[in-house]
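Taking it in order: structure first as structure tokens, then the write-up.
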Amino acid sequence: MIGYIATTIIGVLKFFSNDEDVRAYVIWGLGSFSKVSGNQVYTFVGIMFLLIPLSFLLIKTLNLMLLGESYARNLGLNIRQARLSVISCSCILTAIITAYCGPIVFLGLAVPHLCRTIFQTSDHRLLVPAVTLTGGALALICNLIARLPGFEGALPINSVTSLIGAPIVISFLFGKRKNEINEHV
């Protein structure tokens, strides 16, 4: 329902906007690093310099939550506060990145599964830094592919991230399903 309300508000705003603003919104919605100016990069890096280390403080909490609610609660973790902290940190980081670059699809969904598969662990002491570095590297690779010669200007980055991320997510889903079937046999 929140999605419908947001879509309605966006539709009304687009209706009353001029053509240039609607075009800018559509291009932003396709995702691009090319619209971020030099001054914006400094502000973005400053904000991330503060927030990313805060996310690393949640590693112990994330590892405790892997044990299940009962064990985590017995070890002294306030489950409600832990969930709120993790969700808040994720939302703030995602909102800032989306505000600057638009919604970049599949990176946030595919990279954690990719790292978990590569490193064969669920330990967040390894996964959080690995996902941070792998996600950044994959975003830069996708940006380079989107800017290859032969394309007029630059392709929207979502066209490249979807081509890379969708197969990763699909293979993870089919692999998980295959493991569930094998366990029942």
Side-chain angles (χ1 to χ4, degrees), residues 1-7 31 33 36 40-143 157-158 161-162 164-185:
M1 293 297 115
I2 293 171
Y4 285 121
I5 292 170
T7 301
F33 297 143
V36 181
Q40 291 175 332
V41 169
Y42 293 125
T43 305
F44 177 77
V45 169
I47 293 169
M48 290 296 129
F49 187 72
L50 294 173
L51 293 177
I52 289 177
L54 291 176
S55 69
F56 280 77
L57 295 175
L58 294 171
I59 290 173
K60 184 177 179 182
T61 300
L62 290 168
N63 280 338
L64 284 173
M65 291 176 78
L66 284 175
L67 299 173
E69 283 188 29
S70 300
Y71 287 117
R73 189 176 289 114
N74 287 338
L75 291 171
L77 183 67
N78 181 337
I79 300 295
R80 187 177 191 170
Q81 183 181 357
R83 283 185 181 151
L84 182 63
S85 298
V86 170
I87 291 170
S88 297
C89 184
S90 300
C91 287
I92 291 169
L93 287 168
T94 303
I96 291 169
I97 291 168
T98 303
Y100 277 89
C101 305
I104 309 294
V105 298
F106 280 109
L107 287 181
L109 188 60
V111 172
H113 295 298
L114 181 64
C115 288
R116 190 172 288 138
T117 302
I118 290 170
F119 294 107
Q120 295 292 307
T121 186
S122 293
D123 186 356
H124 289 91
R125 291 176 295 178
L126 179 62
L127 285 179
V128 170
V131 167
T132 303
L133 295 173
T134 305
L138 191 56
L140 290 174
I141 290 168
C142 290
N143 190 43
I157 198 162
N158 282 340
T161 58
S162 296
I164 293 171
I168 292 170
V169 173
I170 289 169
S171 68
F172 174 77
L173 291 173
F174 282 126
K176 187 174 182 179
R177 179 71 178 148
K178 183 180 175 183
N179 288 341
E180 289 174 4
I181 291 171
N182 289 339
E183 287 175 6
H184 292 296
V185 172

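What you see is a predicted model; the values in this text were computed from it and never measured. Along the sequence shown, the residues carry numbers beginning at 1.
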### Task
Can you measure from CD1 (Ile168) to OG1 (Thr161) and round to the nearest 0.5 angstrom?
10.5 Å
#### Entry: Exercise: identify the closest heavy-atom pair between Thr134 and Cys115
OG1-SG, 3.5 Å
## Note on the structure
On a heavy-atom basis, the closest approach of Leu107 and Gly135 is CD1-O, 4.4 Å
### Task
Could you pull out all residues at least two apart from Phe44 that satisfy ring-ring contact (aromatic ring centres under 6.0 Å, His included)?
Tyr100
### Task
Please round to the nearest 0.5 Å and tell me the distance separating atom CD1 of Ile96 and atom CG of Leu93.
6.5 Å
### side chain to side chain donor-acceptor pair (under 3.5 Å) involving Asn158 - partner list, sequence neighbours excluded
none
#### Entry: Val105 versus Ser162, closest heavy-atom pair with distance
CG2-OG, 3.3 Å
### Heavy-atom pair with the smallest gap, counting every atom of Cys101 and Phe33
SG-CD2, 3.4 Å
Donor-acceptor pairs are to be reported for all side-chain atoms of residues 56-66 against protein atoms at under 3.5 Å, with residues two or more places apart or in another chain.
unit_1, atom_1, unit_2, atom_2, d
Asn63, OD1, His124, N, 2.9
Asn63, OD1, His124, ND1, 3.0
Asn63, ND2, Asp123, OD1, 2.8

### Task
Nearest 0.5 Å please: distance from the CD1 atom of Ile97 over to the CD1 atom of Ile47.
10.5 Å
## Note on the structure
CE (Met48) and OG (Ser55) are apart, to the nearest 0.5 Å, by 9.5 Å
### Query
Going from CG on Leu77 to CG on Leu67, what distance comes out if it is rounded to the nearest 0.5 angstrom?
9.5 Å
### Query
Does any N or O in the side chain of Asn143 come within less than 3.5 Å of the main-chain N or O of Ala139, such that one atom is a donor and the other an acceptor?
no
### Query
Out of curiosity, Leu84 CG to Cys89 SG, how far, rounded to the nearest 0.5 Å?
11.0 Å
### Query
Is the shortest heavy-atom distance from the side chain of Thr121 to the side chain of Arg116 under 4.5 Å?
no
### Message
Please determine whether side chain to side chain contact (heavy atoms under 4.5 Å, CB included) holds for the pair Val169 and Phe106, giving the CA-CA distance in whole Å, both sets of side-chain angles, and the decisive distance to 0.1 Å.
### Response
CA-CA 8 Å; Val169 173; Phe106 280 109; 4.1 Å; yes
### Query
Is the shortest side-chain N to carboxylate O distance from Arg80 to Glu69 below 4.0 Å?
no
### Message
Heavy-atom count check: over 12 atoms from other residues, nucleotides or ligands less than 6.0 Å from Gln81 CD?
### Response
no
